[in-house]
Amino acid sequence: MNEASSPNSQRLEAITTAVAELVEKEVIRLAKEALAAGESSVNVVRAVEAGLRTVGERYEQRDIYLAGLIMAGEIFRGVMEFAQPGLENEMRGDASGLVLLGTVAHDIHDIGKNMAALAFQTFGFTVEDLGENVPPQDFLEAAKRLKPDIVGLSGLLSIAFTSMHDTVVLFRERANELEKPPILVIGGSTIDKRVADYVGADLWTSDAMVGVRLCKQELENRRR
Ligand code: B12
């Protein structure tokens, strides 16, 4: 049997489908079953994230409404309640450094930001979370005060890309007010290369684990 059709990959696909269909009880049952069968928490959470993307597409096509997005957020939280300890174990690392994190201005999506915070923390970073709807100036003021190694900007809305861009520009323009220029990283499932080029940050990602690894590598390069 090849990997694509192994029992575990079938379970993960079923989780993604159940999330996309917003059947919370089924998601919880399948996710618990997958973990009990030895599937990694990271893969289970990724399967849920894939389902959320489909929920987003259904919303765009007006197949579901705002209540569906709210439900999707609740489903994610429900899975995290029992998947988080496993995630923390699987992501453990020996990094060090301070990360300033926030969801950018005009955006209140915080699930991904919280996931990124968890990933940074379990890799060994210290995280200062500025919350949601954070204006560029607030990121800069906090960076002047806390001297972070990394500034992480989270956001999913199109308007958030402008906020990210403005934040990056502000950091570059006022670099002389900072003791050291932090690594600027943006994250969110709606970010692609085109958005990343427009924003102009040092790094971009649509996966917390990948993003944290990229940051760790870049930080090691700068410390050398
Ligand atoms: C759940 C959800 C909501 C929930 C959010 C709950 C919450 N507390 O966060 C609620 C119902 C509140 C909501 C509201 C809205 N939403 Co909404 N939402 C979603 C949905 C379905 C899932 C988002 C999510 O949580 N994903 C799971 C997380 C884990 O994934 P993630 O955020 O990408 O994060 C991962 C990585 O990207 C990475 N990461 C994230 N940030 C960072 C940062 C750093 C530094 C790093 C390293 C990594 C990293 O780590 C995470 C783990 O891997 C998306 C669909 C989608 N495609 O994402 C739409 C979506 C984002 N929403 C959308 C819209 C339109 C809205 C509303 C405007 C709807 C409305 N009419 O009111 C409002 C916006 C309110 C506002 N001002 O922000 C659109 C945005 C379209 C656009 N291009 O602008 C989307 C894309 C749906 C769609 N396809 O139409 N939403």
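This structure is a prediction, so every number in the text was calculated from the model and none was measured. All ligand and atom numbering here is 1-based and tracks the order in the structure.
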Task: Ionic contact status for R222 with E218, cut-off 4.0 Å - done: yes
Task: Presence of salt bridge, E49 and R46, under 4.0 angstrom - done: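 No.
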I need the nearest protein heavy-atom contact for [atom]: residue, atom name and distance, please.
| atom | answer |
| --- | --- |
| atom 41 (N) of ligand 1 | S154 OG, 2.7 Å |
| atom 7 (C) of ligand 1 | D110 OD1, 3.3 Å |
| atom 52 (C) of ligand 1 | E49 OE2, 3.2 Å |
| atom 5 (C) of ligand 1 | H109 CD2, 3.6 Å |
| atom 69 (C) of ligand 1 | Y59 OH, 3.4 Å |
| atom 77 (N) of ligand 1 | H106 O, 3.3 Å |
| atom 81 (C) of ligand 1 | L157 CD2, 4.5 Å |
| atom 27 (C) of ligand 1 | L52 CD1, 3.2 Å |

Under a 4.0 Å heavy-atom limit, does [X] contact ligand 1 with its side chain, its backbone, both, or neither?
| X | answer |
| --- | --- |
| R77 | side chain |
| L66 | side chain |
| L101 | side chain |
| T190 | side chain |

Is the closest N or O pair between [X] and ligand 1 shorter than 3.5 Å?
| X | result |
| --- | --- |
| L153 | no |
| I108 | yes |
| G56 | yes |
| A208 | yes |

Which atoms of ligand 1 are found less than 4.0 Å from any heavy atom of [X]?
| X | answer |
| --- | --- |
| S189 | 33 (O), 37 (O), 56 (C), 57 (N), 58 (O) |
| D107 | 78 (O) |
| G152 | 45 (C) |

TODO: Using the six-membered ring wherever Trp is involved, compare the ring planes of F125 and F120 and label them parallel, tilted or perpendicular (cut-offs 30° and 60°).
DONE: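 Ring orientation, 0 to 90° scale: perpendicular.
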Take [atom] and look for protein heavy atoms under 4.0 Å from it; say yes if you find one, no if not.
| atom | answer |
| --- | --- |
| atom 85 (C) of ligand 1 | no |
| atom 38 (C) of ligand 1 | yes |
| atom 54 (C) of ligand 1 | no |

